[in-house]
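In what follows, chains are A, B, ... by sequence order, proteins preceding strands, each numbered from 1.
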Amino acid sequence: MTIYKPEIAKINRIEKLTKTESLLDIELLSGKSLGHQPGQFVEVSVFGVGEAPISISSAPSDLATFQLCVRAIGNVTSALCGKKPGDKIGIRGPFGKGFELKHFKGKDILFVAGGLGLAPLRSLIWSVLNSRKDYGKVYILYGAKIPQELLFKEELKNWKEREDVEYHVTVDVGDEKWQDNVGVITTLFPYIQFDPAKTQAVIVGPPIMYRFVIRELKNHGTPDKKIWVSLERKMKCGVGKCGHCQINDIYVCQDGPVFNYEKLKNLPEAI
Amino acid sequence: MKKPKVGFFEFTCCEGCQLTVLSLGDKLLDLFESVDIVNFREASSYKGQDYEIAFIEGSISTSKDIERIKEIRARAKICVALGACAHLGGVNAIRNFQRQSDVRWRTYGDKAWLFDSILAQPIDAVIKVDHVIPECPIDKKEFLRATASILLGKKPFIPDYPVCVDCKMKANVCLFHKPNPIACMGPVTRAGCGAVCPSVGNACEGCRGLIPDPNLSAWEEVLKEHGLSIEDILKFYHMYNGLMGVRR
Amino acid sequence: MSGKDIRVDVHHIARVEGHGNIVVDVKRGELKEVKLEIVESPRFFEAMLVGRRYPEAVHITSRICGICSVSHANASIKAIEDALGIKPTWQTEVLRKILMAAEIMDSHALHCFFLAAPDFVGAPSVIPLASTSPEVVKTAIRWKKLAHDICDTIVGRHTQPISMVVDGFTNRVTEDQMRELRSKIKEVLENDVPKTLEFFSKLKIPAFERKTDNVCLTQPGEYAFYDGAIKSSKTGEYKHRDYKLKIAEQVVSHSTAKQAFGPVKPYMVGALSRFNNNFDQLMPKAKEVAEKLGLEAPSHNPYQITNAQIVETVHCMEFMMKLFDELLSRGIKDEREERPPIAGWTTKLPPINKSWGVGVVEAPRGLLVHEYKFNNDGMIESANCIIPTAQNLANIEADMRKLVPGILDRPKEEITLLLEMLVRAYDPCISCSTHMLKVDFIE
Amino acid sequence: MKKMKNCVVTKRELLDLIDRKIGEGKEVIAPAKQENQANFKRIKSTREILWEGPQTVIPPKAFLFPQEEELMEYEVNDEIKVKVKVEGKPIILLGIHPCDMNGTTLLDKVFAENNLDEHYLKKREFVTIIGAECLVPCSTESFCYRKESVLPLEGFDLFLTDMGKNFFVEVGSKKGKSLISKIARKTTPSDAKKLRKIRRVRDNLFDKEQRKLKPKLEDLPKLLRENYDSPVWDEHGSRCFNCGSCNMVCPTCYCFDVRDYMELNLKRGNRTRFWDGCLLTDFTKVASGEIFREGRGARLRHRTNRKDWYLFEKWERSFCTGCGRCGKACLTKIVDPLDIENELYDRWKR
Ligand SMILES: Cc1cc2nc3c(=O)[nH]c(=O)nc-3n(C[C@H](O)[C@H](O)[C@H](O)COP(=O)(O)OP(=O)(O)OC[C@H]3O[C@@H](n4cnc5c(N)ncnc54)[C@H](O)[C@@H]3O)c2cc1C
Ligand code: SF4
Ligand code: SF4
Ligand code: SF4
C-alpha cells in the first residue's frame with residue numbers, strides 16, 4: 001500500500017441530475033464503509049484518464065455505498081459522468097478536514113450553497129436533518145445560474161415542504177415557469193431572520209460567491225468564527241505533498257477543505 | 001470493440017511527421033492493431049473515405065488545399081493537427097513575410113504564374129481543429145500518448161509551460177550560459193519535446209509554438225543583451241512563430 | 001488490341017513521398033502524351049532563404065524533405081563551408097558520413113519494405129503485410145530503428161537533425177555510444193540480411209531496359225555519398241562548383257517540381273546510378289548480395305532500383321561499421337572548445353560577405369545540390385537547391401515513353417500497375433522536388 | 001540520531017575503495033564536468049569527480065525524487081489490476097555539497113511527514129550519501145554561509161573534509177560506518193585541531209566572498225510577512241518567464257504533477273509523477289480555467305515565502321540552502337532569494 005494507491009470501487013448507479021452533473025452511487029469492492037465526515041473528499045481515479053478530488057455528497061453512514069455528485073468539466077469528470085453501472089473506478093480517501101458536527105450541535109445553522117457547492121454541503125445537510133432534534137433552526141439558501149442547473153430537485157422539494165427547514169432558492173436568470181426568487185444568492189437574505197449569535201453559517205460555492213456572502217453575514221453581525229467555508233483548489237495528491245493546493249502557508253487538502261473564516265481571513269490568497 | 005478508422009492526410013510540408021509515424025518502430029505494429037488505417041497515401045494505396053479521426057499534416061498554401069481540407073473536416077469526427085506546419089504554418093510561413101511576387105519569381109522565374117499559391121496558413125485558419133500534436137517533426141512518444149488519449153476520449157496532455165522546464169529536467173547547461181552562448185527560444189516556447197534541441201546543444205527555434213502567456217518583453221530584453229537586433233529577433237520569431245506573433 | 005484509345009490518369013500516386021499524377025494518353029494505339037505531374041503545393045524554399053543568416057539555412061532547408069533531411073542539412077552545411085573556405089575536422093566528416101549512410105539505409109528500408117514490397121506481393125500496403133509477412137515487416141522496423149538510433153545519438157533525431165551545424169556538431173558523442181551502435185549494426189547485419197535476401201530474391205522484377213546516363217558522385221577510395229566529383233556515365237566528371245555544366249533546371253508547366261535537364265538529357269540519379277558507376281567500391285557483403293539478387297553492373301532496368309537499394313543498404317551497414325572502427329581506434333574528442341561549431345544565433349559569426357558556395361551530396365534518391373550566394377552583410381542573397389527527384393522526372397517520362405507502346409496489349413489495370421511501379425521504383429520524393437503522382441485512364 | 005565516532009582515512013584508500021566498488025558494479029554517482037558546469041553522473045572512476053567544481057545544474061534530489069517517476073502501472077479489463085511501483089536500488093551519492101545534503105534532509109522531512117511517501121522513502125533507504133565539505137565557495141551565486149548551510153545538519157552517511165593527504169570523516173550512520181570500517185583510523189587531537197583550523201579559515205573565506213544577507217537569518221519569516229504587499233514582487237515578477245527553471249534546479253522544491261498515460265491498446269497504463277513548479281502559470285489552474293495565484297509577481301512571492309517563511313516557520317529552518325542555483329538559472333536575474341530579501345530589507349528600513 002502507498003498513499004497513492006487507489007482502492008477499486010464499483011459504480012452501482014448513475015443518475016443524470018442536469019446536463020452536466022451526475023450523481024454516482026459508489027461501493028468499495030472491499031465492502032468496507034468509507035467512514036467519512038461531511039465535507040471530506042475522495043480522490044477518484046478513472047484509470048488511464050487521471051484522478052480528481054471530489055467531495056462526498058452523501059451523509060456519513062455505515063453502508064458500503066456513498067455518493068458523489070460530479071460536474072463534467074474536464075477529462076476525469078467527463079469520463080466519470082460517462083460511466084455505466086458496474087464500471088470500476090479507483091478511490092483514495094476520505095481526505096481532508098470536514099465539518100465537525102460538535103461545532104454545530106445545538107446551534108442554528110444557515111446553509112448557503114451556490115451551484116455545485118450543494119454537492120459537498122448536502123452531506124452536512126443530511127447529517128443534520130437525519131438527527132434533526134440535535135440542532136436548532138435550519139435555514140437553507142440555494143442559488144444556481146438557471147433553473148435547469150438546480151441539483152437534487154426531489155430533495156429540494158422535500159426541504160421546501162418540511163416544517164423544520166427554512167428553504168429559499170434563487171436563480172440568476174429565470175424562465176417562464178420559474179416562480180421563485182431571481183437574483184444573486186445574497187438577495188435571499190431578506191427572506192430570513194437568523195440570530196447571528198446562535199447561528200453557524202456554512203457557505204460552499206464558487207470563489208466569487210464567498211466574498212459577497214461573507215460581507216452579507218458580517219453586515220448581519222455574524223462573528224468570523226461562526227462562518228464556515230469549503231474551498232476548492234487544484235490538487236494532485238490529496239495528501240499534502242504535491243503543493244498545488246497551497247494557500248499561503250496552509251494546504252487545502254490537509255487543513256481543509258473546510259475552514260473556519262477566523263483562520264482564513266488572515267490568508268490573503270484564500271478568498 | 002470496433003477499431004476506430006483513421007486517415008492520414010498531408011498538405012504543404014516535408015512529410016516528416018508521417019514519416020515519424022512510419023518510424024515508430026514496434027509501436028507501429030501496435031498502431032496497426034489498435035486502429036484501422038483507411039487512408040495513408042504515403043504508406044498505402046487503399047483510400048477509404050470513412051475515417052473518424054483525421055491526422056492532418058502540413059499547412060494550407062493553395063486555394064485547392066482549402067477545398068480539400070474542408071472535405072476532410074466534413075467527413076471526420078475528430079481532426080488532429082500533426083506537426084508545426086499544420087499547427088503554426090511551420091517554416092512555410094517564412095515566405096509570408098516576404099514580397100509574394102519576389103518569392104514566386106525567385107523559385108519559378110517567368111513561369112511563376114503557372115502555380116496556384118496563397119499565403120501559408122495553419123489548418124485552424126480554415127477548419128476547426130480538435131487537437132494539436134505540435135513540433136517539427138512530431139515527437140514519437142507524444143504522438144503515441146496523444147493518440148491513446150484521443151482513442152480514450154481524453155484531451156491529450158500538451159504542456160502550456162516553456163521548454164526551460166524540459167531542459168532543466170534534462171539537466172542541461174543552459175545555452176545562454178555556455179562558453180559560446182547561443183540565443184534560445186526556450187523561455188517562451190511550449191514544452192513537451194523534452195528540450196531535444198538544447199539537449200544536443202542547439203537553440204530552441206520555437207517549433208512547438210509560443211506558450212499561452214509568453215513574457216515576450218523579458219525575452220526580447222534577454223536577446224538584446226545577447227547582441228541581437230530587433231530585426232534578428234523578428235527573424236527568429238518568423239522561423240515558426242510569425243503567424244502567432246501576428247495573432248497576438 | 002491495338003488501335004484503341006487509352007488514357008491513364010493516376011491521381012495522387014500512393015506510397016511515394018508527396019503528390020504526383022501519371023498521365024498517359026494513347027489515341028488509336030499511338031502514344032500522344034506521357035506526363036508525370038507534380039501537384040504538390042509549391043514550397044518556395046529558395047525564396048525563404050533570402051535575407052537569412054547562414055546558420056539558419058541548415059535548419060530551414062532540412063525542412064524541404066522529411067526523409068532526406070540529413071542530406072539537405074549536409075548539402076547546406078557544405079555549401080556554407082565552401083563559401084567560408086572551411087575544411088571540417090576528420091571526426092566531423094566521419095560522423096557526417098555515418099549520418100549519410102544511416103539516412104540512406106532508413107530511406108531505402110522504407111522504400112523497399114513499406115512502399116515497393118507490397119507491389120511485388122500484390123498488397124495495397126504494408127499494413128496487411130504486417131499480418132501476412134510479419135517477419136519482413138519486423139525486419140524493416142528493426143532496420144529503420146537502427147538507422148534512427150544512429151541519427152538520434154549523433155544529431156538528436158533523424159527527421160530534422162539538430163546538432164549538425166557548420167564546422168562541427170553542437171553536441172558530443174561518446175565512445176560508449178559508438179561501441180553500442182556498432183554492435184547493433186553487427187547484430188542486424190548478421191541476423192537479418194540472409195532472411196531479407198530470401199524475400200527480395202523471390203520478387204519478380206518486370207523485364208524492361210532503357211539505356212540512360214547514370215549520374216552520381218564519385219570519389220577515390222570509397223563509394224561516394226558525402227563527397228566527390230559529379231560523374232556522368234556518358235559525359236565524364238565535373239567539379240562540384242561546375243555542377244551547372246551537367247545540370248540546368250528548367251520549369252515545366254505541368255509540375256511544381258522543376259525538371260532537370262542536362263546537356264545530355266535525360267539522365268538518372270540515385271541508387272542504380274551509384275551502383276552502376278561505383279560498383280567496384282561497394283563493401284564485400286554488398287557485392288555478395290548483388291550477386292544473390294542477380295543484379296549486375298551496369299543494369300539498365302529501372303525496376304531494379306529496388307534491388308540496388310537493398311545492396312546499398314547492406315553496404316551502408318558495413319560502411320558504418322568500418323567508420324565506427326576508425327573513430328574508435330583514433331578516439332573521440334570533444335572538439336567544441338577548440339573549434340566552436342557555428343550554430344544558431346551566436347554573436348560571433350565568421351564573416352561570409354560577398355562569397356558563394358556549392359554543396360553536393362548523394363541523398364538517398366541521388367545527387368543533391370545546394371548553392372548559396374551571400375551579400376555584403378553576410379546574409380543569403382540567393383539560393384538554388386537541386387533535388388534528385390527533379391532530375392529523375394525527365395528520365396521517368398523517357399522510360400514511360402519506351403515502356404507504354406510495348407505493353408499496350410495488356411489490360412488497363414496491368415498497364416496502370418506497371419506504370420505506377422515504375423514511378424515508385426524511382427522512389428520519388430515529391431515533397432522535396434517541389435521546389436509529383438496519380439494515373440488517370442481517359443477512355 | 002546517535003552521534004557516531006568520527007575517523008580519519010587516507011584519501012588514496014578511500015578512493016581506491018570506491019573504485020573497487022565501482023569495479024564490482026556498484027552505481028556511484030558524483031558531480032562531474034559537463035561543459036563549463038557540472039552535473040551528477042554515474043562515474044566509472046573517482047578521477048572523474050569534480051570535488052571543487054561549480055554547483056551541479058540539477059541537485060541530488062533527482063535520484064530520490066526523479067524528474068519522471070512511475071507511481072503505478074495498471075491493467076484495465078473486467079477487473080482492474082494496479083501494481084504500485086515502490087522501488088529503490090542501492091546507489092552511492094558521492095561528493096555531495098553540504099547545502100545539498102541539507103536540501104535532502106529537508107526533503108526527507110517533508111516526504112516522511114504525516115502521510116509517508118513510500119516512493120521517495122524507498123529510494124532514500126537504498127542511497128548512501130557521502131558528502132564533501134566545500135572549502136572554497138563553489139560559485140559566485142551561492143550564499144550557503146549566509147543560510148547556515150556550510151555544514152550538513154544530518155542526513156549523510158559519511159561527510160568528508162579534505163585535510164591534505166587525509167579526509168576527516170564524520171560518520172552519520174551505520175551504513176557509513178561499515179563502508180569504511182576497514183580503512184578507518186581513529187582521530188587524534190591533532191586531527192581535531194587541524195579540522196577546527198580548516199573550518200576557521202573556511203568560515204573567513206566564505207564570509208569575505210559570499211554576498212551578505214542584510215536581515216538576520218531568523219528574521220526572514222517576519223521580513224516576508226511584513227512585506228507581503230511590497231512592490232518588489234511585481235517589479236521582479238514583471239520580468240519572469242514563468243519558466244520554472246528556479247523550481248527545477250532547487251534542492252528543496254518538491255512539488256509535482258501526476259498524469260495518467262494509456263498504451264494504444266487502452267488496456268495497460270501507468271500513473272506517473274513529474275516535477276512541477278509554483279512559478280508555472282498552470283500550477284494552480286483548475287478545469288474551469290481559473291488561476292488561483294494569478295500574476296507573475298504573486299507566484300514569485302509564493303516561492304520566496306515558501307522557502308523563507310511558510311516552511312521556515314514550520315520546520316524552524318530556512319528551506320533555501322543558499323546553493324545559488326536558482327539565481328544562476330534565472331535568465332532575467334530576478335529570483336535569487338538573497339537579492340530579493342536584501343531589497344525588501346533595504347526598502348523596508350527606509
Ligand atoms: C476538495 C475538492 C472537492 C471537490 N468536489 C467536487 C465535487 O463534489 N464535484 C465536482 O464535480 N467537482 C468537485 N471538485 C472539482 C473537481 O476536482 C475538478 O472539477 C476536477 O478535478 C477536474 O478534473 P478533470 O480531470 O475533469 O479536469 P481537467 O481539466 O481535465 O484536469 C485538470 C487537472 O487539474 C486539476 N483540477 C482541475 N480543476 C480542479 C478543481 N476545480 N479543483 C481541484 N483540482 C482541479 C485536477 O487535478 C485535474 O487533474 C472538487 C475539488 C476539490 C479540490
Ligand atoms: S537552453 Fe533554452 S530551453 Fe534550456 S534553459 Fe536555457 S533558455 Fe531555457
Ligand atoms: S531557493 Fe535557490 S538558492 Fe535557495 S536552495 Fe533553492 S535553488 Fe538554491
Ligand atoms: S523566476 Fe526566473 S527562473 Fe524562475 S520562473 Fe521566473 S524567469 Fe524562470
Original post:
What is the distance from atom SG of B/Cys197 to atom CG of C/Asn171, rounded to the nearest 0.5 Å?
Top reply: 11.0 Å
**OP:** Answer whether the closest heavy-atom distance between the side chains of B/Asn180 and C/Arg336 falls below 4.5 Å.
**Re:** no
Subject >> Heavy-atom side-chain contact between B/Thr20 and C/Arg157 under 4.5 Å >> reply: no
Original post:
Checking B/Ser199 against chain C: side chain, backbone, both or neither under 4.5 Å from a heavy atom?
Top reply: neither
**OP:** Output the option from B/Leu31, B/Asn92, B/Asp232, B/Asp26 having the highest count of non-hydrogen pairs under 4.5 Å with chain C.
**Re:** B/Asp232
**OP:** Identify which part of B/Ile94 has an atom lying under 4.5 Å from any heavy atom of chain C, answering side chain, backbone, both or neither.
**Re:** both
Subject >> Close side-chain approach of C/Leu110 and B/Leu19, heavy atoms under 4.5 Å >> reply: yes
Subject >> Flag side-chain contact, heavy atom, 4.5 Å: C/His158 against B/Ser23 >> reply: no
Subject >> Side chain / backbone / both / neither for B/Glu135 at chain C, heavy atoms under 4.5 Å >> reply: side chain
**OP:** Please report the shortest heavy-atom distance between B/Lys235 and C/Gly51, naming the atom on each side.
**Re:** NZ-O, 2.7 Å
**OP:** Could you check which of C/Arg52, C/Gln160, C/Lys144, C/Glu56 has the highest count of heavy-atom pairs closer than 4.5 Å to chain B?
**Re:** C/Arg52
Original post:
With respect to chain B, which residue among C/Ala343, C/Ala109, C/Gly344 yields the maximal number of heavy-atom pairs within a distance under 4.5 Å?
Top reply: C/Ala343
Original post:
chain C heavy atoms under 4.5 Å from B/Pro179: which part of the residue, side chain, backbone, both or neither?
Top reply: backbone
Subject >> Check: B/Met239 and C/Ile60 side chains under 4.5 Å, non-hydrogen atoms >> reply: yes
